[in-house]
> 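Can you keep this structure in mind? I'll have questions shortly.
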Amino acid sequence: MRLAVESVESVGVSIRAMRGVDGIRQDDVPDVSHVFLRDLEKGKETVQFGRVLKVLDELGIRMVLEVTKSQAQAVEAAIHHYLPKVRSVHTRTIKKDSE
């Protein structure tokens, strides 16, 4: 399902909902503090984007950029040229209360 990302708050609300569904507490998300996660979930505009991406990765949420077909080839070529490591996929396990 695709959901529009219209603000930091929309990402934060989505993260909070995903944690709720999966039974994941703020303290269970590695590499970020519960204070950062709280700020993100409340839509604080100044959160660090790199850390947001870490949280999304930890929760199994994939963010995509939607570009027009005429832009897609140039974007893909640039990504593969400048960011070859993007092709690798990283997975992590989050502990849940029931485990």
Side-chain angles (χ1 to χ4, degrees):
M1 169 183 221
R2 285 188 192 189
L3 302 170
V5 175
E6 299 173 353
S7 65
V8 175
E9 190 172 26
S10 67
V11 173
V13 168
S14 300
I15 289 170
R16 185 174 31 234
M18 284 286 292
R19 282 193 315 98
V21 167
D22 292 340
I24 299 169
R25 300 175 323 169
Q26 286 181 337
D27 291 341
D28 293 335
V29 180
D31 300 328
V32 295
S33 70
H34 71 280
V35 174
F36 173 80
L37 203 50
R38 179 200 64 210
D39 288 346
L40 172 58
E41 291 180 357
K42 289 187 174 197
K44 185 175 178 183
E45 294 284 329
T46 58
V47 293
Q48 295 176 5
F49 191 66
R51 293 175 77 192
V52 172
L53 293 175
K54 281 184 183 181
V55 170
L56 294 174
D57 183 52
E58 293 291 344
L59 296 176
I61 301 171
R62 196 175 100 195
M63 181 180 280
V64 298
L65 297 176
E66 190 169 321
V67 298
T68 65
K69 287 183 181 182
S70 63
Q71 298 166 327
Q73 187 175 9
V75 171
E76 284 181 343
I79 287 173
H80 291 300
H81 182 285
Y82 294 107
L83 306 172
K85 64 184 178 185
V86 169
R87 293 181 226 157
S88 64
V89 177
H90 304 283
T91 58
R92 294 184 183 157
T93 305
I94 297 176
K95 63 180 180 172
K96 295 184 181 178
D97 289 335
S98 60
E99 296 178 344

> Hey, quick one: are Val29 and Val13 part of the same hydrophobic cluster, counting side-chain heavy atoms closer than 4.5 Å, chains of contacts allowed?
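Unlinked, Val29 and Val13 end up in two clusters.
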> Determine whether Ile15 and Phe49 fall in the same hydrophobic cluster, where Ile, Leu, Val, Met, Phe, Trp and Tyr are linked whenever their side-chain heavy atoms lie under 4.5 Å apart.
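Linked, Ile15 and Phe49 end up in one cluster.
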> Measure the CZ-CZ distance between Arg38 and Arg16 for me, rounded to the nearest 0.5 Å.
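So the gap between those two atoms works out to 12.0 Å.
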> Any heavy-atom pair between the side chains of Leu56 and Val52 that's under 4.5 Å?
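A side-chain contact under 4.5 Å exists here.
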> Asp22 versus Leu59: any side-chain heavy-atom pair under 4.5 Å?
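Sidechains of Leu59 and Asp22: no contact.
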> What is the minimum heavy-atom distance between Ser14 and Ser10, and which atoms define it?
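Heavy atoms of Ser14 and Ser10 come nearest at OG-O, 2.8 Å.
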> Atom NE2 of His34 and atom CZ of Arg25: how far apart are they, to the nearest 0.5 Å?
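Answer rounded to 0.5 Å: 11.5 Å.
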> Applying side chain to side chain contact (heavy atoms under 4.5 Å, CB included), run through Val11 and Met63 and close with a yes or a no.
CA-CA 10 Å; Val11 173; Met63 181 180 280; 4.3 Å; yes
> Would you say Val32 and Glu58 make side-chain contact, with heavy atoms under 4.5 Å?
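Side chain of Val32 against side chain of Glu58, heavy atoms only: no contact under 4.5 Å found.
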> Rounded to the nearest 0.5 Å, what separates atom CG in Leu40 from atom OG1 in Thr46?
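Leu40 CG to Thr46 OG1: 11.0 Å, rounded to 0.5 Å.
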> Between Arg19 and Leu37, is any pair of side-chain heavy atoms under 4.5 Å apart?
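They are in contact (side-chain heavy atoms under 4.5 Å apart), so the answer is yes.
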> Does Glu9, at its CD atom, have more than 12 non-hydrogen atoms belonging to other residues, nucleotides or ligands within less than 6.0 Å?
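Atom CD in Glu9 is not crowded, with 12 or fewer foreign heavy atoms closer than 6.0 Å.
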> Which distance, rounded to the nearest 0.5 Å, do you find between the CZ of Arg51 and the NZ of Lys54?
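Here the rounded value is 7.5 Å.
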